[in-house]
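Order of the sequence lines fixes the chain letters, A, B, ..., with proteins taken first and strands second; residue numbering starts at 1 for each chain.
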There are 2 protein chains.
Amino acid sequence: MHDHAATHDHGCGGAEEAIARAERLCRERDLQFTRLRRDVLAAIAGQTRPMGAYDIAEALSEPGRRVAAVSVYRALDFLTEHGLVHRIASRNAFISCGHSHTDGAGLVFLICRNCGTIDETTSPEVEDQLGRTLAKAGFKPTSRILEVEGECGACLGRSTED
Amino acid sequence: MHDHAATHDHGCGGAEEAIARAERLCRERDLQFTRLRRDVLAAIAGQTRPMGAYDIAEALSEPGRRVAAVSVYRALDFLTEHGLVHRIASRNAFISCGHSHTDGAGLVFLICRNCGTIDETTSPEVEDQLGRTLAKAGFKPTSRILEVEGECGACLGRSTED
DNA sequence: TGGCCGAGTGTTACAGTGTATCATCACCAA
DNA sequence: TTGGTGATGATACACTGTAACACTCGGCCA
């Protein structure tokens, strides 16, 4: 099914893969991949669009099991800390990391304002130039966010088709 | 100090300049630069550090004049829309634009996690590479945010001095 | 076996951020 | 004067995130 190679792979099929990667990573680092954390990751990984913490809480709640937002936040803290999930600052929402670059550096998020999906890519060239710019300004970076809003290729294709 | 040339100038002395630029811009575009909008801009421009909307509301309130947060938000909407103020997504806060590039494109925000000041710069090279990356991904951008967190030159200097 | 301890979770309450809605006011034009 | 438009005031509310405390569970050790 999902055999496309290089790029991200959130959405539906990507969920199991994300879980598998998370399990592996937690084994390696001796971390607890608990049910809640797995469920939260699964909820996010099953979407191409970002989910808010409260959306996740609602999605995981069912008769007999109520998941409070605060629990979701804690799981999200854990997941983001280890690069399994990314926070989209401009949306106050979260997506699962599709890559395996678990360090979370150099990411660029492409947010489609039409369909709402978020692609993530990296660009060594941008990273390189940004590093130069920062060095010139005498600034020592520790983290950064780069989020671009616009129209994704799929939506562009659809709109020109007509 | 850091002698990069054409940069920002918020903070203290920059307030009157920011106001003057805003007045000019509003005259040009036939916009209303009302008291509230001026006060909000002045409050922000008097700081090197970003202010939250509620901070601004409090700063503008005095006995006999209570400024509600919602009013501040409306003024901020106006100011950001015309590039006089920038929103810092990672902080939920606002700073006055120090440049005159009122289109707001290509900005990079340098947020010092030590002293909290925010520098803003531009980098055509970064912009250029980012444009390439987006084109390659088939993504048509409409806006973007680029915020770097780290330690500013001034703080680095201070810490190595000791 | 029993007690301790730490990590994770449940629960409640609350703080911070942002928006919807409606009423009012000032100003300009017909 | 009347009516429309844009800005503001005011209240309420929705959404986002955190603090504090209690509880459980498992491992560890006396």
Side-chain angles (χ1 to χ4, degrees), chain A residues 22-23 25-27 29-44 49-82 84-95 116 145 147, chain B residues 22-23 25-27 29-44 49-82 84-95 116 145 147:
Chain A
E23 279 175 343
L25 182 142
C26 288
R27 242 193 328 271
R29 304 191 191 175
D30 200 31
L31 302 169
Q32 296 186 43
F33 192 53
T34 64
R35 176 184 172 196
L36 181 64
R37 292 171 180 175
R38 179 169 42 73
D39 288 354
V40 167
L41 178 58
I44 298 176
R49 306 206 279 198
M51 293 182 83
Y54 282 72
D55 297 335
I56 299 168
E58 195 177 351
L60 297 186
S61 293
E62 22 173 318
R65 185 199 184 198
R66 177 181 164 256
V67 178
V70 60
S71 300
V72 172
Y73 275 110
R74 285 190 286 231
L76 287 171
D77 285 345
F78 172 87
L79 295 169
T80 54
E81 193 176 333
H82 296 96
L84 296 164
V85 157
H86 299 301
R87 181 186 149 80
I88 306 299
S90 59
R91 298 276 174 121
N92 294 327
F94 301 83
I95 60 169
I145 62 176
E147 299 172 10
Chain B
E23 279 173 342
L25 181 142
C26 288
R27 245 194 325 274
R29 303 190 191 177
D30 200 32
L31 301 169
Q32 297 185 42
F33 193 53
T34 64
R35 175 185 173 199
L36 180 65
R37 292 170 181 176
R38 179 171 43 73
D39 288 354
V40 168
L41 178 58
I44 298 175
R49 305 205 277 197
M51 293 183 82
Y54 283 72
D55 297 336
I56 298 169
E58 195 177 351
L60 297 185
S61 293
E62 20 173 319
R65 186 200 186 198
R66 177 180 163 255
V67 178
V70 60
S71 301
V72 174
Y73 275 110
R74 283 190 287 231
L76 287 171
D77 284 345
F78 173 87
L79 294 169
T80 53
E81 192 176 335
H82 296 95
L84 297 164
V85 156
H86 299 299
R87 181 185 150 78
I88 306 298
S90 59
R91 297 277 175 121
N92 294 327
F94 301 83
I95 60 169
I145 62 176
E147 300 173 10

Locate the shortest heavy-atom distance separating A:E147 from A:S90; write the atom from each residue and the value. OE1-OG, 2.6 Å
Could you pull out the closest heavy-atom pair between A:A53 and A:L76, with the gap in Å? CB-CD1, 4.1 Å
Using the side chain to side chain contact (heavy atoms under 4.5 Å, CB included) criterion, which residues pair with [X]? Sequence neighbours excluded.
X: B:R91; value: B:I88, B:A93, B:I111, B:E149
X: B:A42; value: B:I19
X: B:A59; value: B:M51
X: B:F78; value: B:C26, B:L31, B:R37, B:H82

Has the side chain of B:E23 got a donor or acceptor atom that lies under 3.5 Å from a matching backbone atom of B:F33? no
Sequence neighbours excluded, which residues qualify as side-chain hydrogen bond (donor to acceptor under 3.5 Å, both in side chains) partners of A:R38? none
Only counting residues at least two apart or in another chain, list the ones meeting side-chain hydrogen bond (donor to acceptor under 3.5 Å, both in side chains) with B:R87. B:N92
Look at B:S71 and D:dT8 and indicate whether a side-chain polar atom (N or O) is within less than 4.0 Å of OP1 or OP2. no
Under 3.5 Å donor-acceptor pairs involving side-chain atoms of residues 63-75 of chain B, not counting sequence neighbours:
residue	atom	partner	partner atom	Å
B:R65	NH1	B:D39	OD2	3.0
B:R65	NH2	B:D39	OD2	3.2

Interface limits on DNA chain C, where chain A has a heavy atom under 4.0 Å of a nucleotide atom: C:dA7 to C:dT12
Mind running a 4.0 Å heavy-atom check of residues 30-37 of chain A against DNA chain C and sending the residues that fall below it, in number order? A:Q32, A:T34, A:L36, A:R37
Tell me, for nucleotides 13-20 of chain D in 5' to 3' order, what letter each nucleotide earns: B for a base near a protein heavy atom under 4.0 Å, S for only sugar-phosphate near one, - for neither? ---BBBBB
